[in-house]
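A, B, ... follow the sequence lines: proteins, then strands. Residue 1 opens every chain. All heavy atoms count here, side chains included; hydrogens, waters and symmetry mates do not.
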Protein chains: 2
Amino acid sequence: MSANDQLGIYDRLRRDLIDGHYRSGEKLAIGTLRDRYEVGLSPLREALNRLAGVGLLEQSHQRGFWVPELSRSALDDVAGLRRQLEGEALQQSIERGDDDWEVALVSALHRLNQVQAGFDTAAHEQWERRHAHFHRALVAGCGSTWRLRFLDQLYDQFDRYRRVAPAAERRRERLDDQHEKLVQYALARDAAGARALLDIHIELSWAVALKSCTY
Amino acid sequence: MSANDQLGIYDRLRRDLIDGHYRSGEKLAIGTLRDRYEVGLSPLREALNRLAGVGLLEQSHQRGFWVPELSRSALDDVAGLRRQLEGEALQQSIERGDDDWEVALVSALHRLNQVQAGFDTAAHEQWERRHAHFHRALVAGCGSTWRLRFLDQLYDQFDRYRRVAPAAERRRERLDDQHEKLVQYALARDAAGARALLDIHIELSWAVALKSCTY
DNA sequence: AATTTGTAAAAAATCGATTTTTATAGCGGG
DNA sequence: CCCGCTATAAAAATCGATTTTTTACAAATT
């Protein structure tokens, strides 16, 4: 509980849900959450409702909140839709992105690479944040608010699987390398090349995340 | 306040937001809502939070909730993304939909046509519900939970514009006719034809909804 | 005259207690 | 012995009051 106290209960819960702090399908007892996060019932319930709105929780009337089940089919669904939405968003970003977009993208990549070394828990937290931020920066220039909104939700869902999947160092290196190359394509305004690589990138990420499914 | 009392505050607010009962950009005073809907503060706030999660409201910390602004650019965004997501969903539905999907689709069309006559307020309410249900039935067989989830949100957004746009009877007839033809394509398992018509259908709907933007 | 600062009113957010609903275990009947 | 019913316990949902924050207005200073 160090820097957590600055964050609202919504952000803390969201992070813990994505990090796999709660088991797939687990029921969230509101009273228990209240004690654990040391918040009042009202802000807690409001956060749970908003999280249900963006698909990070499921809600049943008068019966409380659940963590959505992790499943192979749900992962395939998320990955497939992400590939489509992110691919087109990347293409549009490359076609329409301005100087500010380029700068933000380069910055996001640099920040991501800064933290690739030493993988203690805190550093990994930071890497996760910067990784998510990088992918958002890549597509931020697409000009479609709703596409970005949906992509945010899909990133979160995808990360739920990746976070609980076993480490895959060899593949992680290739993925990191692809981040570099994606930026090169983007700066060269090669939309087709970028999109082709992004498909590969998502497919490889999917293969890593797939290991989270015991089935 | 007839059948409204059976619905939860979330559904009542959602319907009123889509129906244009609140102005674009309007600030929602929580105390006023509490009196108008005759509900307690807690369920009201929880509903507002969930509505913010699905994009039917905007929220600013400690500053309350707003109705998202209607704008030409936002409508174009919603319509474009809807065309893409719904088109592919329709194609997959036609390729994968089973007998139950066909039955539900035919039922939804029939129910929609049953209410096309007499357009008083209550009948129009019913038509709106059945129209939304028809489009959901059309794509329900696609097999992608997340795609359907996002489409639901896009339908709601699109309807916000259509509901406040002036009536366009001539075009409405053509749109209703297209509903029939869409089902014919679907039952004939002609995915390409259905998708082409759906593009036309959405474009025509967009032209109608566009009249809601004063700009 | 414009900007800043202080104060009062209004609104949102939070809290703790109460009510309502659901789940569980024990009891009685088939 | 199993099924259904009731009583009890637990949990979620709701309420009304309180606290905190923001906003609007006015006075004072530059």
Side-chain angles (χ1 to χ4, degrees), chain A residues 1-18 20-69 149 160, chain B residues 1-18 20-69 149 160:
Chain A
M1 304 256 175
S2 48
N4 295 355
D5 304 328
Q6 303 166 2
L7 290 171
I9 180 60
Y10 174 85
D11 291 304
R12 289 201 281 159
L13 262 173
R14 171 177 170 272
R15 198 200 48 187
D16 289 345
L17 284 165
I18 295 169
H21 188 284
Y22 298 98
R23 289 189 319 280
S24 165
E26 178 175 353
K27 179 169 193 317
L28 297 184
I30 298 188
T32 308
L33 293 179
R34 204 203 77 87
D35 297 338
R36 177 177 304 151
Y37 291 96
E38 295 177 308
V39 291
L41 222 56
S42 305
L44 174 59
R45 290 191 56 84
E46 288 173 25
L48 293 173
N49 271 280
R50 201 136 50 92
L51 289 165
V54 297
L56 277 169
L57 284 178
E58 286 173 359
Q59 182 174 21
S60 176
H61 184 58
Q62 305 278 41
R63 221 165 302 181
F65 295 85
W66 279 268
V67 179
E69 294 269 3
R149 182 184 181 92
R160 285 186 66 214
Chain B
M1 302 260 175
S2 49
N4 294 355
D5 303 327
Q6 301 168 3
L7 290 171
I9 179 60
Y10 174 86
D11 291 304
R12 288 202 281 159
L13 263 172
R14 170 176 170 275
R15 199 201 47 187
D16 289 346
L17 284 165
I18 294 169
H21 188 284
Y22 298 98
R23 289 191 317 279
S24 164
E26 178 176 353
K27 180 169 191 319
L28 297 185
I30 297 186
T32 307
L33 293 180
R34 203 202 78 88
D35 296 339
R36 176 177 304 151
Y37 292 95
E38 296 177 308
V39 292
L41 222 57
S42 304
L44 175 59
R45 290 191 56 85
E46 288 173 24
L48 293 172
N49 272 279
R50 202 135 49 93
L51 289 164
V54 297
L56 277 170
L57 285 178
E58 285 173 357
Q59 181 174 22
S60 175
H61 184 57
Q62 305 279 40
R63 221 164 303 181
F65 296 84
W66 279 266
V67 179
E69 295 269 3
R149 182 185 182 91
R160 286 186 65 214

Listing, residues 26-35 of chain A side-chain donor-acceptor contacts under 3.5 Å, not counting sequence neighbours, or none:
| unit_1 | atom_1 | unit_2 | atom_2 | d |
| --- | --- | --- | --- | --- |
| A:Glu26 | OE1 | A:Arg23 | N | 2.8 |

Whole angstrom value for the distance that separates C1' of C:dA11 from CG of B:Leu48: 14 Å
Figure out the CD1/C1' separation between B:Ile9 and D:dA13, and round it to whole Å. 15 Å
Calculate the interatomic distance between A:Leu44 atom CG and D:dA13 atom P; express it in whole Å. 11 Å
What is the separation between atom CD on B:Glu46 and atom P on C:dC15, rounded to the nearest whole Å? 14 Å
Return no unless some side-chain N or O of B:Lys27 is found under 4.0 Å from OP1 or OP2 of C:dA12. yes
How close or far is atom P of D:dC15 from atom CZ of B:Arg45, stated in whole angstroms? 15 Å
Pairwise side-chain contact, A:Leu56 with A:Arg14, heavy-atom cut-off 4.5 Å (strictly under): yes
Nearest-angstrom distance from the residue atom CZ of B:Phe65 to C1' of C:dA13: 10 Å
Within a strict 4.5 Å, meaning less than it, do heavy atoms of the A:Arg160 and A:Leu17 side chains meet? no
How far does CD of B:Glu46 sit from CG of B:Leu41, to the nearest 0.5 angstrom? 10.5 Å
How does protein contact run along nucleotides 16-22 of chain D, one letter per nucleotide 5' to 3', with B for base contact, S for sugar-phosphate only, - for none, heavy atoms under 4.0 Å? -B---SS
Are the side chains of B:Tyr22 and B:Leu57 in contact, using a 4.5 Å heavy-atom criterion? no
Nearest whole Å is fine: how far is C:dC15 C1' from A:Asp35 CG? 14 Å
Please report the interatomic distance CZ(B:Arg36) to CZ(B:Arg12), rounded to the nearest 0.5 Å. 11.0 Å
Using a heavy-atom cut-off of under 4.0 Å over every strand shown, decide if A:Leu28 touches base, sugar-phosphate, or nothing. sugar-phosphate
Quick check for you: among D:dA13, C:dC15, D:dC15, whose closest atom lies nearest to any side-chain atom of B:Pro43? D:dC15
Using side-chain hydrogen bond (donor to acceptor under 3.5 Å, both in side chains) as the criterion, list what pairs up with B:Arg149, not counting sequence neighbours. none
Can you tell me how far C1' of C:dC15 sits from CD1 of A:Ile30, to the nearest Å? 15 Å
